[in-house]
Amino acid sequence: MGQCHSCGEWNTFTEEIVQSSEEKRTSKKSIWNEQNGSASKAVPLASIEASSTKRSLTGDTEFDRVLGGGIVPGALILIGGQPGIGKSTLMLQIAVRQSKNILYVSGEESAEQIKMRADRVEGYSGDCLILTETKVEQILNQAKSIKPDFLVIDSIQTLVSMHIDSIAGSISQIKECAASLQRFAKESNIPVFIIGHINKEGSIAGPKILEHIVDTVLQFEGDRNYTYRILRTLKNRFGSTDELGIYQMETKGLKPVHNPSELLLSQKDEDLSGSAVAATIEGLRPMLIETQGLVSKAVYGNPQRSATGFDLRRLNMLLAVLEKRCGFPLGNFDVFLNIAGGIRVVDPAIDLAIISSIISSFQDVAIPADVCFAGEVGLSGEIRAVNRIEQRVQEADRLGFKQIFVSSFNTKGLDLSRFKIRVRSISKIEDLYEGLFV
Ligand code: TYD
Ligand code: MG
């Protein structure tokens with residue numbers, strides 16, 4: 001069909017083949033008549049032994065932490081990310097750096113290409129098994145005979161199942177292959193890592209439709225033009241989703257970053273307006289990040305707003321608050337916002353630094369390099385409390401900052417005598433403005 005009769009668009013139909021297997025047809029009979037001998041039985045919770053859930057470590061401290069302390073046997077783990085971000089590099093370096101029996105299956109690269117990549121990463125030992133195959137049945141047959149310590153599939157979009165006629169990467173193929181891998185993982189107790197590509201919007205049929213099937217979803221993100229990569233847990237049946245790993249892409253593979261603040265702040269110039277440092281918490285770790293704002297007179301009718309590493313809608317909201325509370329006529333100005341290092345920040349405590357960088361650029365007055373910020377901005381211009389304030393203040397203090405602006409709700413009950421840094425509590429945007437620029 002060329003045109004959709006519901007929305008009127010042309011050529012928007014995609015083919016999805018529904019397989020009517022023998023199995024499905026027989027299951028139409030009433031459930032009361034079903035005599036499936038191999039059905040599993042209900043057992044009391046207390047009688048189940050949990051001794052088998054011993055986690056194994058991969059040797060990569062960031063990766064183990066993100067997984068919640070190592071790999072759980074039989075876990076199905078999805079690693080999603082944009083093409084070229086480093087998913088294959090990450091999994092290959094984990095696979096080749098340990099002397100375990102690991103099966104790395106690639107449908108994207110030839111064995112020679114994988115070898116070339118492996119030669120690049122440091123600490124490479126030759127024990128990992130490489131299989132270039134795309135048929136999921138073949139892969140699982142091999143895996144059953146090899147019995148690896150874990151299995152890596154690169155990537156789910158290249159796999160095909162013989163039971164489905166549609167092309168690799170289609171929704172039905174992805175679902176069928178993932179279901180086979182899940183059955184394999186649960187029955188054999190061998191952990192399976194699945195790499196999946198997502199597009200820029202992060203929503204293409206691929207990893208998103210797998211999220212409910214897998215036990216853990218890790219997202220590998222970052223800007224390809226920068227070297228930092230963040231590994232976030234979006235879902236974890238066996239651990240917290242608060243953890244996060246930071247890597248740096250180097251010529252010898254991905255290197256874990258243990259002190260992100262120091263790297264992200266090193267390029268701060270003292271006397272430029274439009275820059276402010278935020279004391280954020282990513283995962284469970286404090287991280288000081290520079291935010292940069294640029295406010296310039298709009299030349300064309302519609303003022304532009306653009307944000308890199310930050311939600312554009314939230315930026316628009318902050319601009320509206322600034323306009324309403326401080327009377328800045330930002331409606332006539334273009335506003336650009338950038339988070340240094342190509343890192344995407346979700347912590348609301350970055351609001352205060354963003355507002356400060358915008359005011360600083362608007363007024364063309366630089367903020368001293370030893371000042372930082374941690375606070376969320378509400379719709380009426382109030383500065384709201386943020387979590388883990390002590391950790392933020394401590395990190396800022398450790399890095400030699402002299403002042404930190406926080407919400408007055410945060411300073412109640414906070415023991416400040418431990419810190420050298422001056423903690424300035426404010427309750428409204430107006431206080432920030434007066435404290436900084438007047
Ligand atoms: P890759 O792992 O192929 O990405 P994905 O599997 O997510 O598509 O990422 C490859 C990029 O990383 C590529 O642009 C080259 C770069 N790279 C390095 O900078 N250093 C290295 O040691 C390796 C192996 C790759
Ligand atoms: Mg790849």
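First listed ligand is number 1; within each ligand, the first listed atom is number 1. Excluded from the calculations below are hydrogen atoms, water molecules and symmetry mates; all remaining heavy atoms, backbone and side chain alike, are included.
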Check [Y] with [X], please: is the shortest side-chain N to carboxylate O separation under 4.0 Å?
X      : Y      : answer
Arg398 : Glu395 : yes
Glu112 : Lys115 : no
Lys235 : Glu211 : no

Is there a protein heavy atom at a distance of less than 4.0 Å from atom 15 (C) of ligand 1? no

Kindly indicate whether atom 21 (C) of ligand 1 is approached by any protein heavy atom to under 4.0 angstrom. yes

Is the shortest N/O to N/O distance between [X] and ligand 1 below 3.5 Å?
X      : answer
Val121 : no
Gly86  : yes
Glu250 : yes
Gly84  : yes

Checking heavy atoms under 4.0 Å, the part of Leu92 that sits near ligand 1 is neither

Heavy-atom distances under 4.0 Å are what count here, so tell me which part of Arg120 touches ligand 1: side chain, backbone, both or neither. side chain

Does a donor on one side chain sit under 3.5 Å from an acceptor on the other, for Asn387 and Arg392? yes

Cut-off 3.5 Å, side chains only: do Gln173 and Ser161 have a donor facing an acceptor? no

Quick note on ligand 1: atoms under 4.0 Å from a heavy atom of Pro83 include exactly 8 (O)

Atom indices of ligand 1, in the order listed, that fall short of 4.0 Å to a heavy atom of Lys252: 22 (O)

For Asp215 and Lys186, the nearest pair of non-hydrogen atoms, with its separation, is OD2-NZ, 2.7 Å

Return the residue, atom name and 0.1 Å-rounded distance of the protein heavy atom closest to [atom].
atom                    : answer
atom 6 (O) of ligand 1  : Ser88 OG, 2.5 Å
atom 12 (O) of ligand 1 : Met249 CE, 3.1 Å
atom 1 (P) of ligand 1  : Arg117 NH1, 3.5 Å

Just say parallel, tilted or perpendicular for the rings of Tyr247 and Phe220, cut-offs at 30° and 60°. perpendicular

Using 2.8 Å as the threshold, say whether any N, O or S atom from Ser155 sits that close to the Mg ion (ligand 2). no

Please indicate whether [X] has more than 12 foreign heavy atoms, meaning atoms of other residues, nucleotides or ligands, lying under 6.0 Å from its [atom1].
X      : atom1 : result
Arg424 : CZ    : yes
Leu379 : CG    : no
Phe336 : CZ    : yes

Nearest-option assignment for atom 2 (O) of ligand 1, heavy atoms, candidates Leu254, Asp154, Thr89: Thr89

